[in-house]
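Presented below is the structure to which this report refers.
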There are 2 protein chains.
Amino acid sequence: MTRRDQAIATLRGKGCRLTPQRLIILSTLSEADGHMDVSAVLRRSRKSYPYMDTATVYRTLHLFKSMGVVTEVAMGDRRCFELTDPQGKHHHMVCRVCGGAFDLSPGYLDAFGAKLVGEFGFTPDLDNFTITGVCAACAHPRRGAGRKAT
Amino acid sequence: MTRRDQAIATLRGKGCRLTPQRLIILSTLSEADGHMDVSAVLRRSRKSYPYMDTATVYRTLHLFKSMGVVTEVAMGDRRCFELTDPQGKHHHMVCRVCGGAFDLSPGYLDAFGAKLVGEFGFTPDLDNFTITGVCAACAHPRRGAGRKAT
DNA sequence: CTAAGTGCAAAGATTTTGCCTCCTA
DNA sequence: TAGGAGGCAAAATCTTTGCACTTAG
C-alpha cells in the first residue's frame, strides 16, 4: 500500500471527504516524494487542475497535518510538507544547497532517541524526521555535479 | 565573555556600526536567553526603546544572522532567533503539546552527526537543530503541570 | 565629514477568513 | 439532501523596500 493509499484510507476512516482537490494534493505530494512548500504544492497541483485555489491548498494541508497524513518539516527557513510514512520511521537528509533528499535508514537515531527518553523523559518525534545539511556532492563540487536527487 | 560581548566584538570586527538599536536588540536576545520570534524581539526591545521600528528589527536580525552572531532556528512552525552560542552547538527539544522549549546540551547529537559525515559524506546542520516531541510533564500529566519553559 | 543606519510609509508576500455555491457521502 | 468543501475576494499578517533624515566612526 502506497503512502498515498494509506493517506486516503486514513482520511476516509476519519470521515473526511475525498474531494478531487484533496486527491490531487495527495498525488502531488506523493509524486514529488518529499518536502514541498505551499507554493510548490499549489504550482504543481495546478498542472492537473488549473483552478486549484490557494486557500484550498492551505486548508487542505492544515487538515492533512491535523489528521496526521502529512508532516510539516522545517527546511532551513522554509516550512515544507510531505506525506507521512505509514511504516513509521523514515528519515531524510536534505541538502540545503541542491535541495536533494536522501533516505536515512532507521536505527541511526535510535540511540539518540533512547537517551532523550531516559534522561529527560522527552519523547522525540522520530517517526518522520528530516535533517538538513550539505550533501557530499555539494560539499565537494569537483567530485560530482550537485544535481537534484529529490 | 558573554555571548552578547562576543557578538559585539564580532560586529565591530566586521566593521558594523554599533547603533543603540543594535545594542538593544542584542540585549533583548541576551536577556531572554533564547529563541524569540521577530514580534517578541520587537515587543521586548520597545520596553527600553519605545521607538524601535519593525523594519529595523528585521534588518538587524538579518544582518546579525549573516554575521553569524545570531542563529535562526525553526521552532515548530515558527522561526526564532537566538544569540549564537560561541561554544558551538546548542540544541532544543520542543514539546508539541505545551509548546515549551528545553535546551539540549551539545554532545547528544555528536555521535549521530559524525556517523552521517563518515558514512554518507552528509554534513548535518546541527547548529540549527530542534527536535519536536512530548515532554515529560505532558506525557505524564499527573506528575506535573504542563507549564511552559520559555 | 560621509557612508551606513534608522524611521516611516507604502508596497509585496504570505496566510486566513467570510460567504455563497457546489458536491460528496 | 444536508453539511462539508471549494472558489473567490477581501482582510489580516508578515516582511521587504524606497527615500529622506540622522548619526557612528
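Chain letters run A, B, ... following the sequence lines, proteins first and then strands; every chain starts at 1.
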Sole candidate of B:Thr56, B:Ile24, B:Leu29 that passes side chain to side chain contact (heavy atoms under 4.5 Å, CB included) when paired with B:Ser45: B:Ile24
May I ask whether B:Leu83 and B:Leu18 are part of the same hydrophobic cluster, defined by side-chain heavy atoms of I, L, V, M, F, W, Y residues being less than 4.5 angstrom apart, directly or through others? yes
I'd like to know if A:Arg17 reaches the base of D:dG6 with its side chain such that a donor and an acceptor end up less than 3.5 angstrom apart. no
Among the nucleotides D:dA2, D:dG25, C:dG7, which one has an atom lying closest to any side-chain atom of B:Tyr49? C:dG7
Could you give the [atom1]-to-[atom2] distance, from [X] to [N], as a whole number of Å?
X       : N      : atom1 : atom2 : result
B:Asp37 : D:dC14 : CG    : P     : 9 Å
A:Asp53 : C:dC20 : CG    : P     : 17 Å
A:Leu42 : C:dA13 : CG    : P     : 15 Å
B:Met52 : C:dG7  : CE    : P     : 7 Å
B:Tyr58 : C:dG12 : OH    : P     : 18 Å
B:Arg12 : C:dA4  : CZ    : P     : 18 Å
B:Ile24 : C:dG7  : CD1   : P     : 9 Å
B:Leu18 : C:dA3  : CG    : C1'   : 16 Å

Using a cut-off of less than 4.0 Å, is there contact between a side-chain N or O of [X] and OP1 or OP2 of [N]?
X       : N      : result
B:Gln21 : C:dG7  : yes
A:His62 : C:dT16 : yes
A:Tyr51 : C:dC22 : no

Both B:Thr19 and A:Arg59 contact DNA chain C. Taking the nearest nucleotide for each, which residue is further toward the 5' end? B:Thr19
Verify the distance criterion only: is there a donor paired with an acceptor across the side chains of B:Ser30 and B:Arg3 at less than 3.5 Å? no
B:Ala7 versus B:Leu26, closest heavy-atom pair with distance: CB-CD2, 3.9 Å
Grab the two heavy atoms, one from B:Asp53 and one from B:Arg46, that are nearest each other, plus how far apart they are. CA-NH2, 4.3 Å
Relative to the 5' end of DNA chain D, which residue comes earlier, B:Pro20 or B:Ser39, by the nucleotide with the nearest heavy atom? B:Ser39
Scan B:Arg22 against the nucleic acid and name what it touches under 4.0 Å (heavy atoms): base, sugar-phosphate only, or nothing. sugar-phosphate
